[in-house]
Every structure is written in C-alpha cells, then in structure tokens.
Amino acid sequence: FAKVAGRDASKVADDLRGLTDDYPEIQVFEGNFIGQILGNVFDFLIAGVNGLLGMSVFIAIIGIVNTMTLSVLERRREIGLLRAVGMFPADARRMVRYESVIIGVLGTLTGLVSGVILAFLLINAADDVGAFSFEWPRLVLILVVGVLVGIVASWLPGRRVSRLDVLDALEP
C-alpha cells in the first residue's frame, strides 16, 4: 500500500506499474481499492434486497386480490341486494377499489412505520454509524406505490363484482 499526498495519483500509479512490469504477481491499483470492493459488495447486497422488495410487492398484490375476491364471494348477497336497489356496476367496482386501496395503504403504513422504528433502533444501537435520518420524498413515493398496488389489486375482484348477476346473488 502506498499513500500519495499532494501528487497526481495516476502518475504515481503509472510509475509503479513501470517498476513492476517484470513481476506479474505484483498488481497496482489506483484509489481506495478496498473501499471500492466493499462498495461493490454493498451495491450487490442492496440490489438483492431491492429484488426481494419487488417480490414482496408482487406477493402483496396477490394477497390483496385474494382477500378482495373472498370478500366479494362472502358478501355476494349483500352486493346483489345493493345492485337490486339501484347500485350501478361502476359503483360496485368503485366500492371494491376503495376497500382494496384501504388495505394497500394500511399495509404500506404499517411497513413504513415499523421500518422507520427498526431503522432508528438499529442506528442508535451502533455508536459509530452517525445520526438517524430518512428521506421524506422516498417515504411518500412508497406510500404512492402502496396506493397503486391497491388499485391494481382491485381490478379482478372489481370485474367480478360488476359482472355479478343480481338474481343469482339474491338466491339463498
């Protein structure tokens, strides 16, 4: 390891490469080589965590669709009665969409609050890490994604509600 102070690091690296050309087992790297390796490792780990996050969002969509589909099946008579007294199919779809968005927002808020609390506790447990901070725009973006997940997840159950035959739904 050689620390270069007040000089051009690339010129020193070129001079060292010229001196070590006859020795293939000696390698010359510029800059903070260990820091670059650690940065690459952490970038890879963060990409893996983001991939897992994407999979969890997909699983959340499936869970919301499952919950809303079961809700529609269990409340078939109620929805049929509402349709019989004048609710339009678009209104029934809107009702399912609102319920789905509420589920998505509650799940997102629960995840955000628990994540912020756990991050705060972990940062405060480690003395040398620094001060706790987080980005408000990123948290708002995550909340918007939660709303969009609710909207996307409401599509199939909403379609099922709008196609529900009123007379079949009212049969005991």
Side-chain angles (χ1 to χ4, degrees), residues 32 34-172:
N32 186 1
I34 295 174
Q36 291 172 357
I37 289 175
L38 287 175
N40 288 337
V41 167
F42 280 113
D43 288 343
F44 178 76
L45 290 174
I46 289 172
V49 168
N50 285 336
L52 290 173
L53 178 66
M55 287 176 32
S56 69
V57 169
F58 180 71
I59 291 170
I61 290 173
I62 292 172
I64 294 173
V65 168
N66 187 25
T67 301
M68 293 310 301
T69 301
L70 288 174
S71 173
V72 167
L73 288 174
E74 290 174 356
R75 298 181 342 191
R76 195 174 118 231
R77 293 185 71 189
E78 172 191 339
I79 294 168
L81 184 62
L82 288 171
R83 294 275 311 276
V85 297
M87 179 182 260
F88 293 111
D91 295 333
R93 275 194 310 270
R94 188 177 308 117
M95 178 182 68
V96 170
R97 187 179 317 120
Y98 288 161
E99 291 175 12
S100 181
V101 167
I102 288 170
I103 291 172
V105 167
L106 287 176
T108 303
L109 284 176
T110 302
L112 283 176
V113 169
S114 63
V116 167
I117 289 172
L118 285 173
F120 175 76
L121 293 174
L122 286 173
I123 292 295
N124 283 339
D127 294 332
D128 297 332
V129 175
F132 174 73
S133 66
F134 54 89
E135 301 172 16
W136 283 104
R138 182 174 287 182
L139 295 179
V140 171
L141 176 70
I142 291 171
L143 187 62
V144 168
V145 168
V147 170
L148 293 176
V149 163
I151 291 171
V152 168
S154 71
W155 186 74
L156 284 175
R159 186 170 178 234
R160 184 178 184 114
V161 162
S162 66
R163 293 183 175 196
L164 185 68
D165 186 19
V166 177
L167 294 177
D168 287 340
L170 292 176
E171 288 181 2

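When a residue number appears, it is its place in the shown sequence, counting from 1.
- Taking CD1 from Ile79 and CZ from Arg83, the interatomic distance works out to 9.5 Å, rounded to the nearest 0.5 Å.
- Under the side chain to side chain contact (heavy atoms under 4.5 Å, CB included) criterion, Ala169 pairs with Arg76, Leu164, sequence neighbours left out.
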Which atom pairs, donor and acceptor, lie under 3.5 Å between side-chain atoms of residues 38-56 and protein residues at least two apart or in another chain?
residue : atom : partner : partner atom : Å
Asn40   : ND2  : Gln36   : O            : 3.4
Asn50   : ND2  : Ile46   : O            : 3.4
Ser56   : OG   : Leu53   : O            : 2.7

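- Nearest heavy-atom pair, Asp168 versus Asp165, reported as atom, atom and distance to 0.1 Å: OD2-OD2, 3.1 Å.
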Let me check something: any side-chain donor-acceptor pairs from residues 105-120 under 3.5 Å, sequence neighbours excluded? List them with distances.
residue : atom : partner : partner atom : Å
Thr108  : OG1  : Gly104  : O            : 2.7
Thr110  : OG1  : Leu106  : O            : 2.7
Ser114  : OG   : Thr110  : O            : 2.9
Ser114  : OG   : Gly111  : O            : 3.2

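- Scanning for side chain to side chain contact (heavy atoms under 4.5 Å, CB included) contacts around Leu122 gives an empty result, with sequence neighbours left out.
- The salt bridge (Lys or Arg N to Asp or Glu O under 4.0 Å) pairs that include a residue from residues 102-118 number zero, where partners must be two or more places apart or lie in different chains.
- Looking at every heavy atom in both residues, Gly158 comes nearest to Arg93 through O-CG, 3.0 Å.
- For Arg77, there are no side chain to side chain donor-acceptor pair (under 3.5 Å) partners, not counting sequence neighbours.
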Pair up each side-chain donor or acceptor in residues 146-157 with any protein partner under 3.5 Å, not counting sequence neighbours, and list the distances.
residue : atom : partner : partner atom : Å
Ser154  : OG   : Ile151  : O            : 2.7

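- A search for side chain to side chain donor-acceptor pair (under 3.5 Å) contacts involving Asp91 returns Arg94, not counting sequence neighbours.
- The stretch residues 103-122 participates, sequence neighbours left out, in no salt bridge (Lys or Arg N to Asp or Glu O under 4.0 Å) pair at all.
- Applying the salt bridge (Lys or Arg N to Asp or Glu O under 4.0 Å) rule to pairs touching residues 135-155 yields Glu135-Arg138, sequence neighbours excluded.
- Applying the salt bridge (Lys or Arg N to Asp or Glu O under 4.0 Å) rule to pairs touching residues 150-163 yields nothing, sequence neighbours excluded.
- The side-chain hydrogen bond (donor to acceptor under 3.5 Å, both in side chains) pairs that include a residue from residues 95-106 are Arg75-Glu99, where partners are two or more places apart or lie in different chains.
- Within a 6.0 Å sphere centred on CZ of Phe134, heavy atoms belonging to other residues, nucleotides or ligands number more than 12.
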